[in-house]
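Take a look at the structure set out below.
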Amino acid sequence: MKRFENVIDRRNTRSIKWGNMEAVFGIKDASDVLPMWVADMDFAAPEPVINAMKECLDHGVFGYSYICEECKDAVRNWLAERHGWNVENNWMLFHQGVVPAIASVIETFTSKNDAILITTPVYPPFFQIPERMQRTIVECEMTETDNTYSINFVEFEKALQKNVKLFILCNPHNPGGIVWKEEELRQILELCAKYNVLILSDEIHADLVFPGNKHISLGAIAGKESDRIITCVAPTKTFNLAGVQASIMIATNTEVREKLEQNSMAHGQMSLSPFAAAALKAAYNEGGPWLENLLEVISSNMDYCISEIMKSVPGVKIEKPGGTYLLWIDYRGTGLTEVEVMDKLLNKGKLALEPGTKYGESGRGFLRMNVATSRSVVEDGVKRFIHALTD
C-alpha cells in the first residue's frame with residue numbers, strides 16, 4: 001500500500017489538473033491552490049504497465065502499430081472475470097479515449113437536430129458534444145433523495161417519446177457515483193426497445209466499485225436487445241492512464257461496427273499507439289492486485305472526508321457513493337450560492353473543486369471532489385475545505 005502514500009509532484013508536467021487552474025478557474029495565480037477537481041489520480045500507474053511502456057521505449061522504433069489479438073484477449077478476459085460479461089474479440093473497436101468514442105457514435109448514428117437523451121446531472125461531454133454537433137438535447141432530470149439519485153421512469157418514457165434517437169447512459173454514474181441495479185438497467189432496456197432507441201453505455205468507471213455494490217454491464221443482461229447497445233470501456237480511469245488515450249467500443253451488431261469503422265476512416269483515425277496498446281494489455285493482464293489496493297485507499301479516503309467535513313461544516317451533506325473516486329458534496333444547507341462557495345474555496349481555502357452546474361442546472365448546490373490522491377493530500381484538502389466554509 002506504500003505506493004499510494006507517495007506524494008508525486010505533478011506541477012510542471014503539463015498536467016491539466018495541476019498546471020492549468022489559472023485558465024480553468026479564472027484566477028491569476030494558482031501556485032498555492034490544491035487541485036481536487038478533474039478526474040485523474042495522483043497515483044503512479046501499476047508497475048507492470050510502466051514496464052510494458054518502458055519496453056516499447058527501449059525498442060526505439062515507433063512506427064505504425066495495430067491491435068494484436070493478445071490485447072483483445074486481455075480485454076475479453078478482464079470483462080469476463082471482473083464483470084461476468086462474455087464478449088467476443090470481433091465485437092471490439094479501439095479508439096483514442098471514451099470521449100472521442102462518444103463523439104464518433106453521435107456523429108455516426110444521429111443527424112443534425114436529432115434528439116439525444118441524457119439523465120442529469122451528468123458528465124459534461126454528454127451534452128457538450130451533441131450541442132456542438134447541433135443535436136437536440138432532451139434532459140430527464142434524475143430524482144434526488146438524501147443525496148442519492150434514481151431515474152424517474154415515467155419521465156424517462158415521456159422523454160423517449162420526443163423522437164429520441166440515442167440515449168447516453170453513465171454506468172456507474174458520474175458525478176453521483178451510482179452503481180445502477182439490474183432492475184433499473186432492465187427498465188432502461190425495455191423502454192429504449194419500445195421506442196427503438198440506440199443506447200451508448202459509458203462504463204469507464206466500471207472497475208471502480210466498492211464492496212456491497214456490483215457493476216452490471218448493460219450488454220451482459222441485454223439478451224435479444226444487445227444489438228442496440230454500444231458499450232465504451234477503458235483502462236484509463238481504472239489505472240490512471242488518461243493521457244495514454246485508449247478505449248474500447250463493444251458492439252455485437254456487425255452493421256453498427258462497420259458504420260463506426262467507416263466513420264473512423266472518414267476522419268483518418270489511426271489505431272492505438274504502441275504505448276497505448278502495451279499499457280492496455282499489461283493493465284488488464286496484470287493490474288488486478290494494484291486495483292484491489294487502490295479501492296481500499298479510495299474507500300478509506302472517502303470515509304475520512306465524509307466524517308471530517310460533515311462534523312465540521314454545518315449544512316453540508318455527503319453520501320458515500322457506490323463507485324468512482326468522486327464525492328458529490330451537497331452544500332445547499334449552508335445557504336451559500338455557487339458563486340459564493342467557489343469564491344470561498346478558491347480564494348480563502350485555496351482549494352479547487354468542480355462546481356455542480358458544470359454537470360447541468362440540476363447539479364446546482366453541489367460540488368465534486370476527487371479523492372484519488374495520497375492521504376496527506378486528502379487531509380490537506382479537507383482542512384482547506386473546512387477553513388474556507390467555517391473560519
Side-chain angles (χ1 to χ4, degrees), residues 1-19 34-58 71 74-75 77-78 81-83 172 174 177 204-211 213 215 233-247 275-308 320-327 351-352 369-384:
M1 301 287 278
K2 288 185 178 180
R3 73 190 80 182
F4 299 107
E5 297 172 4
N6 296 331
V7 178
I8 300 173
D9 186 1
R10 298 184 62 195
R11 295 186 188 273
N12 301 313
T13 63
R14 293 181 291 278
S15 162
I16 290 176
K17 180 180 179 181
W18 284 86
L34 179 67
M36 298 181 76
W37 61 290
V38 72
D40 69 10
M41 305 188 225
D42 292 329
F43 303 128
E47 199 65 30
V49 173
I50 296 172
N51 290 337
M53 296 177 74
K54 283 181 177 177
E55 186 177 334
C56 279
L57 181 64
D58 290 343
C71 289
V75 177
N77 292 337
W78 182 269
E81 293 168 8
R82 286 268 164 178
H83 305 300
N174 174 15
I204 196 171
H205 289 99
D207 302 316
L208 300 169
V209 170
F210 305 117
N213 300 273
H215 171 74
V233 298
T236 50
K237 199 67 66 177
T238 306
F239 301 104
N240 203 29
L241 300 170
V244 176
Q245 299 184 330
S247 67
F275 293 97
L280 178 149
K281 179 183 172 184
Y284 283 139
N285 280 341
E286 303 177 73
W290 183 93
L291 175 59
E292 295 305 321
N293 289 339
L294 171 74
L295 290 171
E296 292 180 30
V297 169
I298 292 172
S299 180
S300 177
N301 284 350
M302 285 183 167
D303 291 339
Y304 175 82
C305 290
I306 293 169
S307 173
E308 293 299 312
K320 187 174 183 178
T324 80
Y325 47 74
L326 308 165
L327 289 177
L351 178 66
M369 173 185 276
N370 173 358
V371 301
T373 188
S374 64
R375 176 53 71 90
S376 62
V377 173
V378 168
E379 291 174 356
D380 184 18
V382 168
K383 288 178 183 177
R384 292 169 185 245

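- When atom types are taken as modelled, the side chain of N6 and the backbone of I8 share no donor-acceptor pair closer than 3.5 angstrom.
- For the pair W290 and R3, the minimum side-chain heavy-atom distance is below 4.5 Å.
- Taking every heavy atom of both residues into account, L295 and F210 meet most closely at O-CE2, 3.8 Å.
- A donor-acceptor pair is defined here as one N or O able to donate and one able to accept, closer than 3.5 Å; no such pair exists between the side chain of N285 and the backbone of A74.
- For residues 233-247, every residue pair satisfying the side-chain hydrogen bond (donor to acceptor under 3.5 Å, both in side chains) rule, not counting sequence neighbours, is listed here: D207-T238.
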Donor-acceptor list for residues 46-57 side chains, cut-off 3.5 Å, not counting sequence neighbours:
unit_1 : atom_1 : unit_2 : atom_2 : d
N51    : ND2    : E47    : O      : 3.3

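- Note that CG of L208 and CG of N213 are 12.5 Å apart. Values are rounded to the nearest 0.5 Å.
- When every heavy atom of A279 is checked against every heavy atom of L241, the shortest pair comes out as CB-CD1, 4.3 Å.
- When every heavy atom of P172 is checked against every heavy atom of V209, the shortest pair comes out as CG-CG2, 4.0 Å.
- Of the possible donor and acceptor atoms, none in the side chain of Y284 sits under 3.5 Å from a partner among the backbone N and O of C71.
- In this structure, CD on E379 lies 8.5 Å from CD on E308, to the nearest 0.5 angstrom.
- Inter-residue side-chain proximity for D42 and W18 is flagged as met; some heavy-atom pair is nearer than 4.5 Å.
- Here OH of Y325 is found 5.5 Å from CG of N370. Values are rounded to the nearest 0.5 Å.
- Side-chain contact between F43 and V297 is present, with at least one heavy-atom pair separated by less than 4.5 Å.
- Closest approach of M36 to L351, counting heavy atoms only: SD-CD1, 3.8 Å.
- Atoms CG and CD1, from D40 and I16 in turn, are 8.0 Å apart once rounded to the nearest 0.5 Å.
- Surrounding NZ of K383 are at most 12 heavy atoms belonging to other residues, nucleotides or ligands under 6.0 Å away.
- Scanning all heavy atoms of the two residues, the minimum distance from S374 to V7 falls at OG-CG2, 3.3 Å.
- Interatomic distance, CD of E286 versus CZ of F239, reported as 10.5 Å (0.5 Å rounding).
- Counting only heavy atoms from C-beta outward, the side chains of P321 and L326 never approach each other to under 4.5 Å.
- At distances below 3.5 Å, at least one donor-acceptor pair connects side-chain atoms of N301 with backbone N or O atoms of T373.
- Rounding to the nearest 0.5 Å places NZ of K320 at 11.5 Å from OG of S307.
- Heavy atoms from other residues, nucleotides or ligands lying under 6.0 Å from CG of N12 number 12 at most.
- Looking at every heavy atom in both residues, R10 comes nearest to S15 through NH2-OG, 3.4 Å.
- For the pair R82 (side chain) and A206 (backbone), a donor-acceptor distance under 3.5 Å is absent.
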